[in-house]
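Below is one structure, written out as structure tokens; the observations come after it.
Heavy atoms only: backbone and side chains are in, while hydrogens, waters and symmetry mates are out. Heads up: numbering here begins at 1 and tracks the sequence.
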Amino acid sequence: MNNIMPHTIQEWHFHEKIDENILITKGKLLCRYIDGSGTEKSCYAAKNDIVRVHSSVHTFENDTDEITEFVVFRYVTDGTNKRELIKCDKTVVSR
């Protein structure tokens with residue numbers, strides 16, 4: 001579990017090799033990012049929202065008086081389709 005304290009802003013950053021997805025579990029975040037044309041955009045994400053940052057330059061801000069909690073899922077993509085691996089990776093066990 002990660003959190004951002006009230007009235008806190010992360011530094012602007014981006015990820016070269018990972019794909020990052022954020023699930024908000026408590027509170028809300030102001031998500032700011034630079035789009036493909038270089039324009040700064042923003043939106044709020046609240047409890048149960050998922051934010052996928054792709055390779056964008058981005059930052060998150062908690063502009064509220066409450067702690068925001070979230071889970072970060074990070075993936076290292078290699079361009080290989082792993083759909084069958086994910087679908088078939090289950091071994092049934094008798095008990």
(request) Using the side chain to side chain contact (heavy atoms under 4.5 Å, CB included) rule, take T64 and H7 through it: C-alpha gap first, then chi angles, then the decisive distance, then the call. (result) CA-CA 6 Å; T64 73; H7 307 289; over 6 Å; no
Please report the shortest heavy-atom distance between [X] and [Y], naming the atom on each side.
{"X": "E11", "Y": "H13", "answer": "O-ND1, 2.9 Å"}
{"X": "G27", "Y": "I24", "answer": "O-CG2, 3.5 Å"}
{"X": "F70", "Y": "L29", "answer": "CD2-CD1, 4.4 Å"}
{"X": "S55", "Y": "F14", "answer": "O-CB, 3.9 Å"}
{"X": "L30", "Y": "S42", "answer": "CD1-CB, 3.9 Å"}
{"X": "M5", "Y": "T8", "answer": "O-OG1, 3.0 Å"}

(message) Are I18 and V72 linked, directly or through intermediate hydrophobic residues, by side-chain heavy-atom contacts shorter than 4.5 Å (ILVMFWY only)?
(response)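 Unlinked, V72 and I18 end up in two clusters.
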(message) Please tell me whether M1 and I50 are part of a single hydrophobic cluster in this structure, the criterion being side-chain heavy atoms less than 4.5 Å apart.
(response)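 Yes; I50 is reachable from M1 via cluster members.
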(request) Could you tell me whether R74 and D19 make a salt bridge, using a distance below 4.0 angstrom between a side-chain N and a carboxylate O? (result)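 Here R74 does not pair with D19 in a salt bridge, since their nearest N and O are not under 4.0 Å apart.
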Once you round to the nearest 0.5 Å, how far does [atom1] of [X] lie from [atom2] of [Y]?
{"X": "L23", "Y": "F73", "atom1": "CG", "atom2": "CZ", "answer": "5.5 Å"}
{"X": "D35", "Y": "E40", "atom1": "CG", "atom2": "CD", "answer": "10.0 Å"}
{"X": "D65", "Y": "D63", "atom1": "CG", "atom2": "CG", "answer": "9.5 Å"}
{"X": "Y33", "Y": "W12", "atom1": "OH", "atom2": "CH2", "answer": "10.0 Å"}

(request) With K28 as the cation and Y44 as the aromatic partner, state whether NZ or CZ is under 6.0 Å from the six-membered ring centre and within 45° of the axis. (result)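 Yes, K28 and Y44 form such a contact.
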(request) Report the C-alpha distance between I34 and T39 in whole Å, list the side-chain angles of each, state the deciding distance to 0.1 Å, and finish with yes or no for side chain to side chain contact (heavy atoms under 4.5 Å, CB included). (result) CA-CA 5 Å; I34 307 298; T39 303; over 6 Å; no
(request) Taking the side chain as every heavy atom from C-beta outward, state whether T25 and K47 have any atom pair closer than 4.5 Å. (result)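 T25 vs K47: side chains apart.
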(message) Does any part of the side chain of E69, heavy atoms only, come nearer than 4.5 Å to the side chain of N2, both counted from C-beta?
(response)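 A side-chain contact under 4.5 Å is absent here.
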(message) Is it the case that the side chain of S56 and the backbone of H58 share a donor-acceptor pair, with hydrogens and angles ignored and the cut-off at 3.5 Å?
(response)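 Between the backbone of H58 and the side chain of S56 there is no qualifying donor-acceptor contact (under 3.5 Å).
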In a table with atom names and distances, give each donor-acceptor pair under 3.5 Å that connects a side chain of residues 84-95 to protein atoms at least two apart or in another chain.
{"from": "E84", "atom 1": "OE2", "to": "K87", "atom 2": "NZ", "distance (Å)": "3.2"}

(message) Can you confirm whether the side chains of T68 and N62 place a donor and an acceptor under 3.5 Å from each other?
(response)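 Side-chain D/A pair, T68 to N62: present.
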(message) Going by the rule side-chain contact (heavy atoms from CB on, under 4.5 Å), which residues pair with I9 if we only count those two or more places apart in sequence or in a different chain?
(response)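 Partners of I9 by the side-chain contact (heavy atoms from CB on, under 4.5 Å) criterion, ordered by chain and then number, come out as R32, T59, E61.
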